[in-house]
Novice: 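Have a look at this one.
Reckoned from all heavy atoms, side chains included, excluding hydrogens, waters and symmetry mates.
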Amino acid sequence: IRNSQDEYEEERKTNLSAVVAAQSTWERVMPEDLGLRETTYELCYNSACALIGQGKLNEAMKKLRKAEELCRQSLSEDTDATEEDTEAELAIIHGQMAYIMQLQGRTEDALQLYNQIIKLKPTDVGLLAVIANNIITINKDQNVFDSKKKVKLTNAEGVEHKLSKKQLQAIEFNKALLAMYTNQADQCRKLSASLQSQSPEHLLPVLIQAAQLCREKQHAKAIGLLQDFAEQHPANAAEIKLTMAQLKIAQGIHVTKACMILRSIEELQHKPGMVSALVTMYSHEEDIDSAIEVFTQAIQWYQQFQPESPVHLSLIREAANFKLKHGRKKEAISDLEELWKQNPKDVHTLAQLISAYSLVDPEKAKVLSKHLPSSDTMSLKVDVDALENSHGATYVRKKAGKLTGDNQQKEQGQGEVKKKKKKKKGKLPKNYDPKVTPDPERWLPMRERSYYRGRKKGKKKDQVGKGTQGSTTAGSSELDASRTASSPPTSPRPGSAAAVSAASNVIPPRHQKPAGAPATKKKQQRWAGMDTVIMSAHRVVFLTLIPTVARLPPKLC
């Protein structure tokens with residue numbers, strides 16, 4: 001750029017700004033100010049990418065909007081540029097805008113913009129691969145069928161020449177995770193093994209393999225795999241050991257072993273989060289001595305390296321509270337005395353110390369109570385009446401009104417003689433008879449009373465809808481439309497003597513008995529009725545047959 005002056009100067013500046021943006025994004029290097037003027041939309045776009053690498057997302061979004069305006073303006077002046085060319089150039093800017101939205105947590109807006117770009121079908125395979133990969137990261141373990149479609153865009157020809165090595169690596173990681181979520185165990189192992197061979201020191205391939213083993217209920221094998229990696233790569237041992245401890249805790253029966261793994265991470269032993277986690281787990285296992293030991297080690301580390309740190313004092317206070325809670329009063333008193341020596345004006349610590357001594361040595365507590373400030377110095381100027389009458393008070397004292405002489409005498413008289421409240425007479429039922437003693441079981445439901453005998457069934461009521469399927473009743477012939485007044489009756493009406501005698505003479509072959517067996521009229525009538533029922537039942541079943549259709553299970557594609 002310094003030694004050349006020709007028509008390609010802007011292209012060289014654009015490439016230089018692209019290198020600076022790549023350094024900021026992939027290597028986390030703070031870019032130096034090279035004095036490049038953002039006169040073109042390419043330079044403005046690369047400047048926005050550099051800001052994204054620095055984490056300045058809002059400023060980057062403003063730069064991208066400026067780049068969009070410059071792009072539209074530049075291509076509108078070009079007579080040869082078509083609308084498709086403009087959309088193709090803007091697609092890259094819009095893709096970067098969607099990426100910023102995704103980083104800001106606006107996943108719905110980002111997904112909508114990504115899909116709009118895919119619908120345009122741009123010719124840039126690198127842009128399509130990046131957008132497809134970002135959509136897969138939004139879907140995660142949901143909508144896996146859509147993710148499997150988007151993966152095909154990352155396998156397009158020429159993608160490896162358009163993207164950087166880290167971009168290609170990120171896409172391969174997501175392919176392995178997608179294979180795990182879609183239960184393609186062999187594909188997941190194959191991809192993660194390939195990634196591990198390419199980057200032996202990288203954490204993600206090992207973590208993916210461990211996650212796949214855990215999905216297959218092989219927790220011991222997953223922990224062994226992580227243990228081997230931690231021994232081979234001590235630089236990454238902390239994160240691997242945290243994962244191992246999480247797997248132990250997830251099993252629920254190896255909490256103590258998980259605590260041992262966490263305590264082996266030397267660089268995290270003194271961290272408040274680690275101390276809190278260890279104390280909680282040891283308390284759950286009722287191992288109070290080990291929990292106190294964790295507190296002691298952390299306090300000693302801060303005394304040696306950061307004695308004036310506020311974390312040091314907070315750890316001492318938490319240790320004292322924990323010891324008091326679990327009955328270690330003498331040890332708690334020593335911690336509180338240490339705190340009080342460092343800050344003798346701390347009334348809260350002194351009060352805790354006096355409370356602890358009152359359980360062990362009351363005389364010492366009395367001596368220490370003399371160091372407490374007097375009540376006059378601690379009194380607060382508070383208007384009690386105004387506080388009670390305030391809007392948020394739970395109890396409001398009623399204001400006493402002024403009483404005249406007559407009212408005072410009346411109130412005194414009312415105080416001496418208590419008024420008796422009149423009891424209202426209960427309502428009696430309309431059919432109440434004072435001469436008759438009430439039923440002692442009147443409060444019970446009718447079914448639970450001793451004299452309840454059930455409901456009486458009506459003898460003369462027509463048994464409509466009762467009996468076997470197809471049976472006829474006495475009034476069925478009257479409802480028959482074929483038996484009108486114009487047509488003469490072909491047979492006697494049901495219920496007449498002639499009908500009974502005719503029915504009694506005809507006995508179906510099924511129900512005929514030997515000649516010697518006697519048969520009464522009642523039995524003959526019953527058999528005649530049963531024959532009618534059977535015949536009508538056969539007729540009904542025949543008419544109500546419905547063909548069945550065998551449904552095949554859906555075929556999965």
Side-chain angles (χ1 to χ4, degrees), residues 26 99 102 107 110-111 114 118 125-126 128-160 162-233 235-252 254 258 261 554-557:
W26 304 116
Y99 175 63
Q102 187 176 352
T107 53
L111 190 60
Y114 283 143
I118 289 177
V125 292
L128 284 174
V130 170
I131 288 175
N133 175 75
N134 291 353
I135 291 174
I136 291 170
T137 60
I138 291 174
N139 290 338
K140 295 183 180 178
D141 57 342
Q142 305 295 324
N143 203 2
V144 290
F145 292 107
D146 179 62
S147 297
K148 290 183 77 172
K149 291 179 183 177
K150 296 296 187 291
V151 164
K152 296 177 183 178
L153 296 175
T154 63
N155 299 327
E157 186 179 355
V159 170
E160 63 276 7
K162 288 282 187 177
L163 302 179
S164 66
K165 182 181 177 182
K166 290 194 175 182
Q167 285 176 316
L168 293 171
Q169 191 181 52
I171 290 173
E172 292 299 316
F173 284 141
N174 288 330
K175 285 181 183 178
L177 286 170
L178 183 61
M180 182 184 73
Y181 285 131
T182 52
N183 297 322
Q184 295 176 310
D186 295 335
Q187 181 73 5
C188 178
R189 292 193 194 94
K190 183 180 177 181
L191 289 170
S192 56
S194 174
L195 287 167
Q196 191 173 9
S197 63
Q198 294 173 12
S199 304
E201 73 286 348
H202 209 290
L203 284 172
L204 276 178
V206 181
L207 292 175
I208 292 172
Q209 291 178 20
Q212 179 60 42
L213 289 171
C214 289
R215 288 173 72 90
E216 298 171 2
K217 309 296 183 184
Q218 300 183 32
H219 293 86
K221 198 172 180 180
I223 292 170
L225 179 68
L226 295 171
Q227 181 68 38
D228 295 340
F229 183 84
E231 292 173 357
Q232 294 173 7
H233 303 88
N236 298 325
E239 295 184 30
I240 291 295
K241 286 182 178 179
L242 287 171
T243 308
M244 291 168 60
Q246 179 64 36
L247 292 178
K248 293 280 187 183
I249 295 168
Q251 294 179 8
H254 301 297
I261 293 171
K555 187 176 181 182
L556 299 178
C557 57

Novice: Do any pairs count as a side chain to side chain donor-acceptor pair (under 3.5 Å) and have a residue in residues 220-230, sequence neighbours left out, and if so which ones?
Specialist: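 As it turns out, the side chain to side chain donor-acceptor pair (under 3.5 Å) pairs with a partner in residues 220-230, which skip direct neighbours, are Gln227-Glu231.
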Novice: Whether the Ser199 and Gln169 side chains hold a donor-acceptor pair (N or O, under 3.5 Å, no angle test) is what I'd like checked.
Specialist: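 There is such a pair between these side chains.
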Novice: Could you check whether any side-chain heavy atom of Ile171 comes within less than 4.5 Å of a side-chain heavy atom of Val151, counting everything from C-beta outward?
Specialist: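 No, too far: nothing below the 4.5 Å cut-off.
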Novice: Using side-chain heavy atoms (C-beta onward) and a distance below 4.5 Å, is Leu177 in contact with Asp141?
Specialist: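 Contact flag for Leu177/Asp141 side chains = no.
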Novice: Short question: side chain of Gln167, backbone of Ser164 - any donor-acceptor pair under 3.5 Å?
Specialist: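 Yes, Gln167 side chain to Ser164 backbone: donor-acceptor pair under 3.5 Å.
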Novice: For Ala258 versus Ile249, what's the shortest heavy-atom pair and its separation?
Specialist: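 That closest heavy-atom pairing would be CB-CG1, 3.7 Å.
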Novice: Could you go through Ile223 and His254, starting from their C-alpha distance and side-chain angles, then the distance that decides it, and tell me whether this counts as side chain to side chain contact (heavy atoms under 4.5 Å, CB included)?
Specialist: CA-CA 12 Å; Ile223 292 170; His254 301 297; over 6 Å; no
Novice: Within the 4.5 Å heavy-atom criterion, are Leu195 and Leu204 side-chain neighbours or not?
Specialist: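 No, every pair of side-chain atoms sits at 4.5 Å or beyond.
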Novice: Less than 3.5 Å apart, any donor N or O on the side chain of Glu172 or Gln198 sitting next to an acceptor on the other?
Specialist: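 No, no side-chain donor-acceptor contact under 3.5 Å.
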Novice: Calculate, to the nearest 0.5 Å, the distance between atoms OG1 and CG belonging to Thr107 and Asn134 respectively.
Specialist: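 Rounded to the nearest 0.5 Å, the OG1-CG separation comes to 12.5 Å.
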Novice: Can you tell me how far apart NZ (Lys148) and CD (Gln184) are? Round to the nearest 0.5 Å.
Specialist: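 Spacing of NZ (Lys148) from CD (Gln184) equals 4.5 Å.
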Novice: Can you tell me if Tyr99 has over 12 outside heavy atoms packed within less than 6.0 Å of its OH?
Specialist: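 Result for OH/Tyr99: open.
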Novice: Please indicate whether Gln251 has more than 12 foreign heavy atoms, meaning atoms of other residues, nucleotides or ligands, lying under 6.0 Å from its CD.
Specialist: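 Yes.
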Novice: Is the shortest side-chain heavy-atom distance between Glu216 and Leu213 below 4.5 Å?
Specialist: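 Touching, per the 4.5 Å side-chain cut-off.
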Novice: Does the side chain of Leu178 reach to within under 4.5 Å of the side chain of Lys150, using non-hydrogen atoms?
Specialist: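 They are not in contact (no side-chain heavy atoms under 4.5 Å apart), so the answer is no.
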Novice: How many angstroms lie between atom CG of Leu225 and atom OG1 of Thr243, to the nearest 0.5 angstrom?
Specialist: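 Between Leu225 CG and Thr243 OG1, I get 11.0 Å after rounding to 0.5 Å.
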Novice: Which value, rounded to the nearest 0.5 Å, describes the distance between His233 atom NE2 and Leu203 atom CG?
Specialist: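 It comes to 9.5 Å.
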Novice: Shortest non-hydrogen contact from Lys162 to Gly126?
Specialist: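 It is CB-CA, 3.9 Å.
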Novice: Once rounded to the nearest 0.5 Å, what's the spacing between atom CG of Asn143 and atom CD1 of Ile135?
Specialist: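 Interatomic distance, Asn143 CG to Ile135 CD1, rounded to 0.5 Å: 10.0 Å.
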Novice: Which atom names give the shortest non-hydrogen contact between Glu201 and Phe229, and what distance separates them?
Specialist: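 In this case the closest contact between Glu201 and Phe229 is O-CZ, 3.9 Å.
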Novice: So how far is it from Lys149 NZ to Ile118 CD1, rounded to the nearest 0.5 Å?
Specialist: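 Rounded to the nearest 0.5 Å, the NZ-CD1 separation comes to 12.0 Å.
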Novice: Do you know which two heavy atoms are closest between Gln102 and Ala110, and how far apart they sit?
Specialist: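 Scanning both residues completely, I find the closest heavy atoms to be N-CB, 3.8 Å.
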Novice: Looking at every non-hydrogen atom in both residues, tell me the closest pair between Phe173 and Ile208 and how far apart they are.
Specialist: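 For Phe173 versus Ile208, the nearest heavy atoms are O-CD1, 4.1 Å.
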Novice: For the pair Lys190 and Asp186, find out whether any cationic side-chain nitrogen is under 4.0 Å from an anionic carboxylate oxygen.
Specialist: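 Salt bridge flag = no for Asp186 with Lys190.
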Novice: Just to verify, which of Asn174, Asn133, Ile136 counts as forming a side-chain contact (heavy atoms from CB on, under 4.5 Å) with Ser147?
Specialist: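 With Ser147 as partner, Asn174, Asn133, Ile136 yield a single side-chain contact (heavy atoms from CB on, under 4.5 Å), made by Ile136.
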Novice: Side chains of Thr154 and Val159, heavy atoms from C-beta outward: is any pair under 4.5 Å?
Specialist: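 The answer is no, as the side chains (C-beta and beyond) never meet within the 4.5 Å cut-off.
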Novice: So do Val125 and Leu153 actually touch side chain to side chain, heavy atoms under 4.5 Å?
Specialist: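 They are not in contact (no side-chain heavy atoms under 4.5 Å apart), so the answer is no.
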Novice: Work out which heavy atom in Ser192 is nearest to a heavy atom in Pro205; give both atom names and the distance.
Specialist: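 It is O-CB, 3.6 Å.
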